[in-house]
Amino acid sequence: MPELPEVESARATVEAGALGRRIAAVDDTDTWECRPHAPGDIEHALVGRVLTGAFRRGKSMWCETSDVGGEDGSGPVLGIHLGMSGRIVVTDGEGRSIEGGDWLGGRYGRVADQPDRKPEWDRFTLRFADGGELRLFDKRRLGRVRLDPDLSALGPDAQQVELAEFSARVGRGTAPVKARLLDQSVVAGVGNLLADETLWQARISPRRPAGSLAPDDLAVLHAALRAATEAAITHGGVHTGEVIEHRGAGGHCPRCGAELSRATVGGRTTFWCPEEQR
DNA sequence: CCATATGTTAAAAG
DNA sequence: ACTTTTAACATATG
């Protein structure tokens, strides 16, 4: 699931439910997701501390920490990447999950049950002194947890980048514009589905060389990215995009009815409307 | 067995 | 040297 909107929901969940709770134990024994740390490294860094803030840039999120009663951010930083299938679950002392965010009516601190998940897919766990937990469960195991992550290679956040910088970064090169949108060092946060939705909204072909886009094209693309991102956050995920539900064999454009084209662009399966997207 | 999957990245190619 | 593409990564599912 995770593209920028899902990571933002995860960040909001951590912010709403996990801050200020004393960390009593840590399971960091998955040496793949916690690489290059050895088992116990993250545990020793975090036990006895509390999370003091949850932040995000693109698809990367991180939590600042402190000693109990200490100054916010004085402890190590806990970096989390959800990979292809990772999700965050925060539970209260009774085992009920806590969700935060501006989606589905904008209720903060909502308590809800967590659907289908298997315990063996838990890859990393913080156990709080009150009995609750913060878990990363990740079916495909491509997520990552690490201390003091290096985020210097990330471009500006796709939700916040302004038009001038967006145009300068995206509107150059010979690669297909979709490949540039997917490049996290150009702009951070756009994944395969959000790219397709954005390009569909902007009526721009994913195959257009990025450098061929006129300033007006880039302005439309920028607006479409902002709109698609905001809508996905509000509606609960990138899968709620207008064209996303039509991605698949025999899918048709929900605007004009033309059959969607399918090809690999930027290394990923891509759907677009051959009539409207030029 | 083959293809597919909402991500990242090292290596190869251009 | 810089940009672009491909393959590999670990795992599940149809």
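A, B, ... follow the sequence lines: proteins, then strands. Residue 1 opens every chain.
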- Message: Using every non-hydrogen atom in the two residues, find where A:Arg262 and A:Trp272 come nearest and quote the distance to one decimal.
- Response: C-CZ3, 4.0 Å

- Mind listing the closest non-hydrogen atom pair of A:Cys273 and A:Ala258 along with its distance? SG-CB, 4.2 Å

- Sugar-phosphate atoms are those with a prime plus P, OP1 and OP2; base atoms are the rest. Using that split, label each nucleotide of nucleotides 2-14 of chain B B, S or - for protein heavy atoms under 4.0 Å, 5' to 3'. --SBBBS------

- Message: Side-chain N or O of A:Trp32 versus OP1/OP2 of C:dT11: is the shortest distance under 4.0 Å?
- Response: no

- Same-atom distance (C1') from B:dT8 to C:dT13, integer angstrom: 22 Å

- Think A:Arg135 forms a cation-pi with A:Trp121, using NZ or CZ under 6.0 Å from the six-ring centre and within 45 degrees of its axis? no

- Item | Length of the line joining A:Asp30:CG and C:dA10:P, which is rounded to integer Å | 11 Å

- Nearest nucleotide by nearest heavy atom, which residue falls closer to the 5' end of DNA chain C, A:Arg172 or A:Gly267? A:Arg172

- Item | Atom C1', compared across B:dT6 and C:dT3: separation rounded to whole Å | 26 Å

- Task: Measure the shortest side-chain to side-chain distance between A:Thr65 and A:Val77 over non-hydrogen atoms and say whether it is less than 4.5 angstrom.
- Result: no

- For A:Thr174, which contact category applies under a 4.0 Å heavy-atom criterion: base, sugar-phosphate, or nothing? sugar-phosphate

- Which one, C:dT11, C:dT4, C:dT3, comes nearest to the side chain of A:Arg180? C:dT4

- Query: Under the criterion side-chain contact (heavy atoms from CB on, under 4.5 Å), which of A:Thr13, A:Ile88, A:Val26 is the partner of A:Leu134?
  - Reply: A:Ile88

- Message: Applying a 4.0 Å non-hydrogen cut-off, can you work out what A:Pro176 is touching in the nucleic acid: base, sugar-phosphate, or nothing?
- Response: sugar-phosphate

- Message: Before you tell me yes or no, could you show the steps for A:Lys178 and A:Asp196 under salt bridge (Lys or Arg N to Asp or Glu O under 4.0 Å), namely the whole-Å CA-CA distance, both residues' side-chain angles and the distance that decides it to 0.1 Å?
- Response: CA-CA 8 Å; A:Lys178 178 172 177 178; A:Asp196 277 6; 2.8 Å; yes

- Message: For B:dT6, give the paired nucleotide (Watson-Crick: N1-N3 plus N6-O4 or O6-N4; G-U: N1-O2 and O6-N3; both under 3.5 Å), or none.
- Response: none

- Query: How far does the P atom of B:dT9 sit from the matching atom of C:dA1, given to the nearest Å?
  - Reply: 23 Å

